[in-house]
J.: 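Below is one structure. I have some questions about it.
These numbers come from a predicted model, not from an experiment. Chain A is the first sequence line, chain B the second, and so forth, proteins listed ahead of strands; every chain is numbered from 1.
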Amino acid sequence: MKMNNADYARLLSDTAALIEISGGNTFRVRAFEGAARTLSKLPVSVESIMDAGTLTSLSGIGKSIAQDLISIRATGSFELYDTLRADLPDHILDLTRVQGLGPKKVKALYDKLGIGDLDQLEAAALSGAIAGLPGFGQKTQDNISREIERLRRVGGRRPLTLALMIAQPIVEALRALPQVQRAEIAGSARRWRETVGDLDFVAASDDPEAVMAAFVALPGVQEVIARGPTKTSIILAGELQADLRVVTLDQFGALLHHFTGSKEHHVELRKRARARGLKISEYGVFKIDAADGDPPVASRTEADIYAALDLPYIAPELREAAGEIEAAERRALPALIELADLRGDLHMHTTASDGRHSILEMALAARAFGHTYIVITDHSQSSTIANGLDPARLRQHMLDIDAVNAQIDGIEVKKGIEVDILKDGSLDLPDDLLDELDFVIASVHSNMRQDRDTMTARVLRAVESGHVHAIGHPTGRLLGQRDPFDIDIEALIQACLKHRVALEINAGAGRLDLKDEHARLAAQAGLPLVINTDTHSAEGFAQLAFGVGVARRAWLEPRQVLNTLPWDDMMAWFAR
DNA sequence: GCCGTTTTCGGCCCGACTGTTTTCAGTCG
């Protein structure tokens, strides 16, 4: 059985959860969690590190866990994990997904009532058996019933794009309150994580009670699940949870920082603070022996917080405990790309295939957006459902693009195609016709369930063809709808480097493909990327921001993204 | 179980809120 880093990481994090439920040492739990996190963020395969014999050089992996990993490779498991598994029901970890149930309560439910999965938990709550347990009561039982129902309805995390559509009007409503001096979206949405579990808002005000009252009165609030003097949690229509914290303006930076996370970033920062005789809370950075009422060392802005720890400001997108604190320490943080750095969009559709607007309409909208060039890349003939272009229609399309260029200034409209990579890796249009175009994006749109070797060979054939500039949405995933197809990303990156083909970060709200880790991997290998919307309408150019979010999470600087360059400079990279 | 400018032992991030309790444990982020 072939195991990847995520498989190893999952075994370790499950082990952490099982130790916790069985009442083991908290710090041992944290050790397994830390090791799991290290593996899940590792840019190379853990097995290659095993082969090199340097496992214990990884942060959070000592002798013991290194042995466990070696055992996992050989047998698929390790002793501690097997022992814990044997002592507890198979599905007990599902119980911790219920909001309000942590390890202690799960353990009590199992010990006292033999509850080992969600169905048994639901039945016990319904029968009233839970309310009688020590430490549990009627309210806890009701909450469990409600949370199980909610879990069954919505499951896990929502796409960022959807969450932001809900969060934007809320933050604007908060800002519009006379009592509010500042309000921001925090949490994983501010870090541009591709999915979010809930929404976090922070606000500065001298009258928190008024802000809370307005928050719970927002349209679409289904339920108030917690309400204290500084913190309120609500459930919005659509089952999304939203939390709001309010502090005074001079504490706002500390609060924003605290609520932006990630949790792991904070754990590392707080360790660093302790080593300097400081401690960090949502109210600021304090001397470790500070008494109540002592003023903070820093609290007003996020930059002040970092400065108090002798660090430069770290952008939210980097706060994932993925090496950013070390990089900050070395003053080696990337100068992250921004939306304004992009000069053009290399992937879009018009009414010639499955888009909603004409070449002219797209060009005018792109110019208004601020682009200086775009490439029109309609579908090729095999994508019949998308009205793909055959050679004759493509030739007419090229003439139509010339006509638009003659008609408007301020933007160059380039001729391109999104050519299908067919089942066997051949391209969907004749080579000589492709070579007449300014820019060729090759994408997989069919037979997506090929096995890893077949799919990798298929896309590599397109990369090696000599007629392609970029690979579009390289893993084919649709967020929440379709898994990525199985392809060897590392092999793809190497082939692209050799043949001077760029990989796309497709900014389409439903795609975000490549994803952040893969984009970072490509850039680390020296391969530049392109960020495109793949928009099918004139309103879609703004989605580029989502692609920039992915790029920033991938630590990309402008120089690593080709469409930050003027057209001719960009094309120079492809010269072969 | 991991780690080390407090280094091979003794630490390991911090506070808000709920619910079940009469002073606090558990959970969450």
Side-chain angles (χ1 to χ4, degrees), chain A residues 12 15-16 19-21 23-38 55-69 78 80 95-109 130-144 147 186-188 191 196-202 208 212 224-233 241-247 251 254-255 257-286 288 290 292 309-310 321 329:
Chain A
L12 296 187
T15 301
I19 295 170
E20 210 173 10
I21 291 172
N25 182 307
T26 313
F27 300 111
R28 200 178 179 205
V29 172
R30 202 177 291 171
F32 275 95
E33 283 172 349
R37 202 175 69 245
T38 295
L55 275 178
T56 54
S57 67
L58 297 174
S59 117
I61 296 182
K63 269 189 191 156
S64 171
I65 292 181
Q67 271 310 315
D68 294 340
L69 292 172
F78 62 103
L80 174 62
L95 300 183
T96 60
R97 293 171 57 213
V98 178
Q99 284 257 6
L101 283 192
K104 295 283 190 336
K105 286 208 164 86
V106 166
K107 180 71 170 11
L109 289 166
I130 292 175
L133 294 179
F136 292 75
Q138 187 63 45
K139 268 206 142 144
T140 305
Q141 177 169 287
D142 294 345
N143 286 342
I144 287 173
E147 288 300 330
S188 48
R191 305 199 312 277
V196 302
D198 61 9
L199 297 176
D200 298 302
F201 298 95
V202 294
M212 301 297 183
V224 179
I225 52 177
R227 183 158 178 195
T230 68
K231 175 183 171 181
T232 293
S233 297
Q241 181 174 331
D243 298 335
L244 170 68
R245 285 286 290 273
V246 183
V247 293
Q251 298 168 322
L255 181 73
H257 182 257
H258 174 82
F259 247 43
T260 297
S262 69
K263 194 176 156 203
E264 292 78 14
H265 178 80
H266 283 255
V267 168
E268 282 197 19
L269 269 190
R270 285 169 176 175
K271 267 190 221 162
R272 183 181 176 89
R274 289 195 73 91
R276 285 169 166 67
L278 299 168
K279 61 179 177 178
I280 309 173
S281 78
E282 55 263 62
Y283 299 113
V285 180
F286 295 86
I288 206 148
D292 277 357
L309 302 168
D310 305 318
E329 168 114 73

J.: So if I define the base as every atom that isn't primed, P, OP1 or OP2, how would nucleotides 18-28 of chain B read as a B/S/- string at a heavy-atom cutoff under 4.0 Å?
T.: SSSS----SSS
J.: Just the atom pairs and distances: protein N or O near nucleotides 7-12 of chain B's N or O, under 3.5 Å.
T.:
from	atom 1	to	atom 2	distance (Å)
B:dC12	OP1	A:R274	NH2	3.2

J.: Please tabulate, for side-chain N and O atoms in residues 25-36 of chain A, each donor-acceptor pair with protein atoms closer than 3.5 Å (sequence neighbours left out).
T.:
from	atom 1	to	atom 2	distance (Å)
A:N25	OD1	A:F27	N	2.5
A:N25	OD1	A:R28	N	3.1

J.: How would you list, by chain and number, every residue that makes a side chain to side chain contact (heavy atoms under 4.5 Å, CB included) with A:T260, sequence neighbours excluded?
T.: A:A186, A:R190, A:R191, A:L256, A:E302, A:P316, A:R319
J.: Under 4.0 Å from OP1 or OP2 of B:dC17: is there any side-chain N or O of A:T230 that close?
T.: yes
J.: Under the side chain to side chain contact (heavy atoms under 4.5 Å, CB included) rule, collect the residues that match up with A:E264, sequence neighbours excluded.
T.: A:R37, A:S262, A:A321
J.: For the side chain of A:P229, counting heavy atoms from C-beta on, which of B:dG1, B:dC17, B:dG29 is nearest?
T.: B:dC17
J.: Could you check A:K279 against A:T232 and say which one's nearest nucleotide on DNA chain B is further toward the 5' end?
T.: A:K279
J.: Is the distance from OP1 or OP2 of B:dG1 to the nearest side-chain N or O of A:R28 less than 4.0 Å?
T.: yes
J.: Let's see if you can work this out: which of B:dG29, B:dC13, B:dC2 has an atom nearest to the side-chain heavy atoms of A:D200?
T.: B:dG29
J.: The criterion is side chain to side chain contact (heavy atoms under 4.5 Å, CB included); which residues satisfy it with A:V106, sequence neighbours excluded?
T.: A:I21, A:I92, A:L95, A:T96, A:L101
J.: Taking atom types as modelled, is there a side-chain donor on A:Q141 or A:N143 under 3.5 Å from an acceptor on the other?
T.: no
